[in-house]
Engineer: 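Supplied in structure tokens, the structure appears directly below.
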Amino acid sequence: MAQIRGTAGYHLGGPNPFGSPKPEVADPSPLDAIREQTSKIEDILDTVSEPIKPYLPAIGRFLIVVTFLEDALRIITQWNDQLVYLNSYRHIPNGLTHLFLIVNVVTMFACSIMVIVRKHSDYAVAGLMGVVITQALGYGLIFDLNFFLRNLSVIGGLIMVLSDSWVRKTKAFAGLPQLDEKDRKMYFQLAGRILLIFLFIGFVFSGEWSVWRIAVSVIGLVACIMVVVGFKAKFSATLLVLILSVFNVLVNNFWTLHEHHPHKDFAKYDFFQILSIVGGLLLLVNSGPGQFSIDEKKKVY
């Protein structure tokens, strides 16, 4: 009886006398549901890719610069054709055409090697970005939308090279706050993620529409948005790698075209450019989206 009176007097085990609601378990949000499912897929991918994980950064860097190596070799093997085009169609004087091609070839070879061996990455990336800009101007492609979007993605891959090469250290500048390279890396990872997806924008707005093209475009655009906001960025980047790789082999199969086919060089150029963007995505898979992302914010909260 004493126990009953004691609990009755203090309303223990009964309803709250102040009328406050009982705590309820909230239903998971759609993002949480997607995160749970993609986490399972990521775990499977991590297990399958475990043997090649240590080599992903090297593979990514090589693929990013492979388009520059191919371009340098193409200039050398088509030297006279390049000179004629620049002189006759772009109206660049003879001496400058030789200088333009030599500087481009040397820069592409030297900077590509530096990126692969991870030496002086800042200078190497700056040199390759300079090549992209000078070629756009020299060959008159600056206003070609498809070329512009593709090269934005290539530049995004080069920015991923920079963020991959930086380590945590502080540089001090007179009269300015200290700048931590880890902070710079966060901003460059964000910029690289955004620029990498421009290839798909070019893909969506070019070519003839079909059911297959619409399906790939929708899946790719969803994955691109996930990459940009940093939501399951590793999963979405892996999905884009698979889509781009299949598309590249099926559509840009230049090796099946005759040597003198008018579209052979274009298909080869597109093939190696997509390889470069795949390399940037592999670096994203390896390093993660950085702190400016939903994935990282979820870890904080």
Side-chain angles (χ1 to χ4, degrees), residues 26-46 49 53 56-57 60 63-64 125 145 148-166 168 180-206 213-247 273-274 276-301:
D27 293 331
S29 67
L31 285 181
D32 289 333
I34 295 173
R35 183 179 283 109
E36 182 181 354
Q37 296 302 319
T38 54
S39 293
K40 296 177 182 178
I41 299 175
E42 284 182 339
D43 291 339
I44 296 172
L45 291 173
D46 285 340
S49 62
K53 268 187 178 180
L56 270 185
L63 290 179
I64 285 172
V125 168
L145 180 61
F148 179 73
L149 293 175
R150 284 174 178 271
N151 278 280
L152 279 181
S153 291
V154 172
I155 289 174
L158 291 173
I159 290 176
M160 294 302 295
V161 169
L162 272 184
S163 64
D164 178 67
S165 66
W166 282 336
R168 184 181 178 88
D180 196 324
E181 279 201 6
K182 188 176 181 181
D183 295 332
R184 284 202 299 172
K185 181 173 181 176
M186 292 188 302
Y187 289 108
F188 274 73
Q189 281 178 320
L190 174 63
R193 292 202 323 262
I194 294 172
L195 291 176
L196 277 173
I197 61 97
F198 276 97
L199 171 71
F200 249 96
I201 297 176
F203 171 76
V204 170
F205 293 105
S206 64
R213 187 184 186 84
I214 292 172
V216 172
S217 297
V218 170
I219 295 172
L221 284 175
V222 171
C224 286
I225 293 171
M226 292 171 68
V227 166
V228 169
V229 301
F231 176 67
K232 286 299 173 185
K234 289 188 176 183
F235 166 78
S236 52
T238 302
L239 180 61
L240 285 176
V241 166
L242 294 175
I243 293 174
L244 287 174
S245 299
V246 173
F247 171 83
Q273 273 217 321
I274 288 180
S276 292
I277 296 158
V278 167
L281 291 169
L282 287 178
L283 288 184
L284 175 59
V285 171
N286 179 71
S287 63
Q291 292 193 13
F292 291 130
S293 64
I294 293 177
D295 291 346
E296 290 298 321
K297 296 300 180 185
K298 185 68 178 178
K299 291 178 184 178
V300 174
Y301 296 107

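In this text the structure is predicted, and so the values were computed from the model without any measurement.
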Engineer: Only counting residues at least two apart or in another chain, list the ones meeting side chain to side chain contact (heavy atoms under 4.5 Å, CB included) with Gln273.
Structural biologist: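 For Gln273 the side chain to side chain contact (heavy atoms under 4.5 Å, CB included) partners, ignoring immediate neighbours, are Thr67, Arg150, Asn151, Val154, Tyr269.
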Engineer: List the atom of Met226, the atom of Lys232, and the distance in Å for their closest heavy-atom pair.
Structural biologist: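 Taking Met226 first and Lys232 second, the nearest heavy atoms are CE-CB, 3.9 Å.
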Engineer: How many angstroms lie between atom OG of Ser163 and atom CG of Leu283, to the nearest 0.5 angstrom?
Structural biologist: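 So the OG of Ser163 and the CG of Leu283 are separated by 7.0 Å.
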Engineer: Quick one: closest heavy-atom pair of Gly156 and Leu195, and the distance?
Structural biologist: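 Of all heavy-atom pairs spanning Gly156 and Leu195, the closest is CA-CB, 3.5 Å.
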Engineer: Picking from Val229, Val227, Val228, Ile225, what satisfies side-chain contact (heavy atoms from CB on, under 4.5 Å) with Ser236?
Structural biologist: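 Filter result, single survivor: Val227.
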Engineer: Not counting sequence neighbours, which residues clear side chain to side chain contact (heavy atoms under 4.5 Å, CB included) with Val241? List them please.
Structural biologist: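 Testing Val241 for side chain to side chain contact (heavy atoms under 4.5 Å, CB included), a comparison that skips the adjacent residues, returns Ser245, Val278, Leu281, Leu282.
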Engineer: Does the side chain of Ile197 come within less than 4.5 Å of Leu221's, by heavy atoms?
Structural biologist: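 No, their side chains stay 4.5 Å or more apart.
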Engineer: Can you tell me how far CG of Leu158 sits from CZ of Phe188, rounded to the nearest 0.5 angstrom?
Structural biologist: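 CG of Leu158 is found 11.5 Å from CZ of Phe188.
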Engineer: Mind checking whether Leu284 and Lys234 have side chains closer than 4.5 Å, heavy atoms only?
Structural biologist: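 No, side chains not in contact.
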Engineer: What distance do Leu196 atom CG and Ile155 atom CD1 have between them, rounded to the nearest 0.5 Å?
Structural biologist: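 Answer for the CG-CD1 pair, Leu196 versus Ile155, is 11.0 Å.
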Engineer: Name all residues meeting the side chain to side chain contact (heavy atoms under 4.5 Å, CB included) criterion together with Leu242; count only those two or more places apart in sequence or in a different chain, and write none if there are none.
Structural biologist: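 Partners of Leu242 by the side chain to side chain contact (heavy atoms under 4.5 Å, CB included) criterion come out as none, since no residue qualifies.
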Engineer: Sequence neighbours excluded, which residues qualify as salt bridge (charged side-chain N to carboxylate O under 4.0 Å, His left out) partners of Arg193?
Structural biologist: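 If we apply the salt bridge (charged side-chain N to carboxylate O under 4.0 Å, His left out) test to Arg193, skipping adjacent residues, there are no hits.
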Engineer: Could you tell me whether the side chain of Leu63 reaches within less than 4.5 Å of the side chain of Ser276, counting heavy atoms only?
Structural biologist: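 No, their side chains stay 4.5 Å or more apart.
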Engineer: Where is the tightest heavy-atom contact between Ile64 and Gly280, given as atom of each residue plus distance?
Structural biologist: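 Taking Ile64 first and Gly280 second, the nearest heavy atoms are CG1-N, 3.4 Å.
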Engineer: Output all residues satisfying side chain to side chain contact (heavy atoms under 4.5 Å, CB included) with Ile219, sequence neighbours left out; order by chain, then residue number.
Structural biologist: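 Side chain to side chain contact (heavy atoms under 4.5 Å, CB included) list for Ile219, sorted by chain: Leu239, Ile243.
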